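Beneath this line is the structure, given in structure tokens, with notes to follow.
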Amino acid sequence: MRWRRLRLRRDALLTLLLGATLGLLLYAQHDGTALTTTSAPRAPGRAASRATLGPRAFQAADPDTDAAPPAYEGDTPPPPTATGPFDFGRYLRAKDQRRFPLLINQPHKCRGEGAPGGPPDLLIAVKSVAADFERRQAVRQTWGAEGRVRGALVRRVFLLGVPRGAGAEGAGTQMHWHALLHAESRVYADILLWAFDDTFFNLTLKEIHFLSWASAFCPEVRFVFKGDADVFVHVGNLLEFLETRDPGQDLLAGDVIVQARPIRVRASKYYIPEAVYGLAAYPAYAGGGGFVLSGATLRRLAGACAQVELFPIDDVFLGMCLQRLRLTPEPHPAFRTFGIPQPSAAPHLRTFDPCFYRELVVVHGLSAADIWLMWHLLHGPHGPACARPQPAAAGPFRWDS
């Protein structure tokens, strides 16, 4: 009997020990999963945003290992209409077609007539699509408003192509879009419309046509900000950064990415076959969500891009044009084209807190309502109630609220 009691006691102790071990393993696994799911999400190939003056580096592979550098993931959101499988055969056949008529122009945007005060100090150029009137209105009523900001004259244009399929769906649909855009242009005088289809892979055509237009119609512009319609821009901070810069010298500043490699997976939106681009990595480029360039660089880029073979990803294409000019884009920590990550030092703050936005220049990926709300939170009569009376300095730059 005594031997049986000892055996039962031993079995009970072993059961308790195994149960405790299993519980610890389950707890550790659950804790690791929680850490993974609550941290800021990150797309493959994207480095987390950091307050650093260096570029967003996609490091090259270690020669002693088989690891490859992260692949390119663009920062431009998908177009509102589905693009479907990309037909590279058709693209290669039509890629040399790079001149399309300008259907709606704003010839006086940067000149005396219709633009009192002379040439603008800052021209804001926003990529848009015909159906996205709500975002255009949000930009017009907030950060993209024309007029004087910190003593600088600011002007604005929206860059559009023809809605995809408008011609194929019949003349009635095409005339409908044309009538709406012409009416919008008469009211706001800020629409530029070209005769190419407005698709994701035609964003490169917007680049070259805008550069050509600005060189012809805004030859004396000092600086140009170019970005997407879903970004929030603190124009005051941007102009303060530009106060010490010479518009006659080369400048292209933004969220700079280096050593991004092409994606070779056919299922990806950013798939690029080796026949189109055979090198292992792209040249350095600024994220297309928003960047600023000087008038001198704009004019030089217009000439360089006219000589560079078209490429279906617009921000990489501009990097190729910069490479031809032997210019290096300048990284700036206040351009957040991948959004704002949750700060480890202040986990109680939401990333949509105006205290983050008041010391930045560009934040990408906001809805029209977000843009409107953030603008009014920052520019209301009392401003945001932040812990610090003034934002912290970012490197050598000084920001005002």
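Quick caveat: nothing in here was measured; it's all calculated off a predicted structure. All values below come from the heavy atoms of this structure, side chains included, with hydrogens, waters and symmetry mates left out.
Residues Tyr271 and Val265 have side chains not in contact (no heavy-atom distance under 4.5 Å, counting atoms from C-beta outward). A 4.5 Å side-chain heavy-atom check between Leu318 and Tyr285 finds every atom pair outside the cut-off. With a 4.5 Å cut-off on side-chain heavy atoms, Thr328 and Leu322 do not count as touching. Taking the side chain as every heavy atom from C-beta outward, Asp246 and Ser294 never approach each other to under 4.5 Å. Side-chain contact check for Val162 versus Trp177: every heavy-atom pair is 4.5 Å or farther apart.
Although no hydrogens or angles enter the test, the distance criterion places a donor-acceptor pair under 3.5 Å between the side chain of His209 and the main chain of Phe100. Proximity of a side-chain donor or acceptor of Ser128 to a complementary backbone N or O of Leu160 within less than 3.5 Å is not detected. Not one N or O on the side chain of Ser212 forms a donor-acceptor pair closer than 3.5 Å with the backbone of Ile208. Checking side-chain atoms of Arg264 against main-chain N and O of Ile272 turns up a donor-acceptor pair under 3.5 Å. When atom types are taken as modelled, the side chain of Trp143 and the backbone of Val231 share a donor-acceptor pair closer than 3.5 angstrom. In this structure a side-chain-to-backbone donor-acceptor pair under 3.5 Å is present from Asn237 to Leu360.
Taking both residues in full, the closest heavy atoms of Ile104 and His182 are given as CG1-CE1, 3.6 Å, listed atom of the first, atom of the second, then distance. Here the closest heavy-atom approach between residue Pro120 and residue Arg155 is recorded as CB-CG, 3.7 Å. Of all non-hydrogen atoms in Ala304 and Cys321, the two that sit nearest each other are CB-O, 3.9 Å.
Results of the side-chain hydrogen bond (donor to acceptor under 3.5 Å, both in side chains) test with Asp190 over Arg140, Gln106, Lys109, Arg136 single out Arg140 as the only residue that passes. The salt bridge (charged side-chain N to carboxylate O under 4.0 Å, His left out) with Asp250 is formed by just one residue from the set Arg299, Arg245, Arg300; it is Arg300. The one candidate from Asp228, Asp132, Asp198 that meets the side-chain hydrogen bond (donor to acceptor under 3.5 Å, both in side chains) condition with Lys127 is Asp228.
Tyr188 and Glu146 share no side-chain donor-acceptor pair at under 3.5 Å.
No more than 12 heavy-atom neighbours from other residues, nucleotides or ligands sit within 6.0 angstrom of CD on Glu134.
In this structure, CZ in Phe210 is found 7.0 Å from NZ in Lys226, a value given to the nearest 0.5 Å. Interatomic distance, CG of Leu122 versus CZ of Phe225, reported as 8.5 Å (0.5 Å rounding). Here the CG atom belonging to Asn202 is positioned 12.0 Å from the CD atom belonging to Glu207, to the nearest 0.5 angstrom. Rounded to the nearest 0.5 angstrom, Leu378 CG and Glu359 CD are separated by 11.0 Å.
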Open item on the list: I'd like to know whether Phe335 forms a side chain to side chain contact (heavy atoms under 4.5 Å, CB included) with Leu238, so could you lay out the CA-CA distance, the side-chain angles of the two residues, the decisive distance to 0.1 Å, and finally the verdict.
Closed with: CA-CA 10 Å; Phe335 286 71; Leu238 175 61; 4.2 Å; yes

Task: side chain to side chain contact (heavy atoms under 4.5 Å, CB included) between Leu239 and Phe223, intermediate numbers included - done: CA-CA 9 Å; Leu239 289 170; Phe223 296 98; over 6 Å; no

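For Tyr282 and Phe311, the distance between ring centers is under 6.0 angstrom.
Each salt bridge (charged side-chain N to carboxylate O under 4.0 Å, His left out) pair with one or both residues in residues 283-297, not counting sequence neighbours, would appear here, but there are none.
With sequence neighbours excluded, the residues satisfying ring pair (Phe, Tyr, Trp, His ring centres under 6.0 Å) with Phe217 are Trp213. Partners of Phe232 according to the ring pair (Phe, Tyr, Trp, His ring centres under 6.0 Å) rule, which considers only residues two or more places apart in sequence or in another chain, are Tyr357.
The pair Lys206-Asp314 fails the salt-bridge criterion, with no side-chain N (NZ, NE, NH1 or NH2) lying under 4.0 Å from an Asp/Glu carboxylate O.
Relative orientation of the His379 and His234 rings is tilted, given thresholds of 30° and 60° on the angle between their planes.
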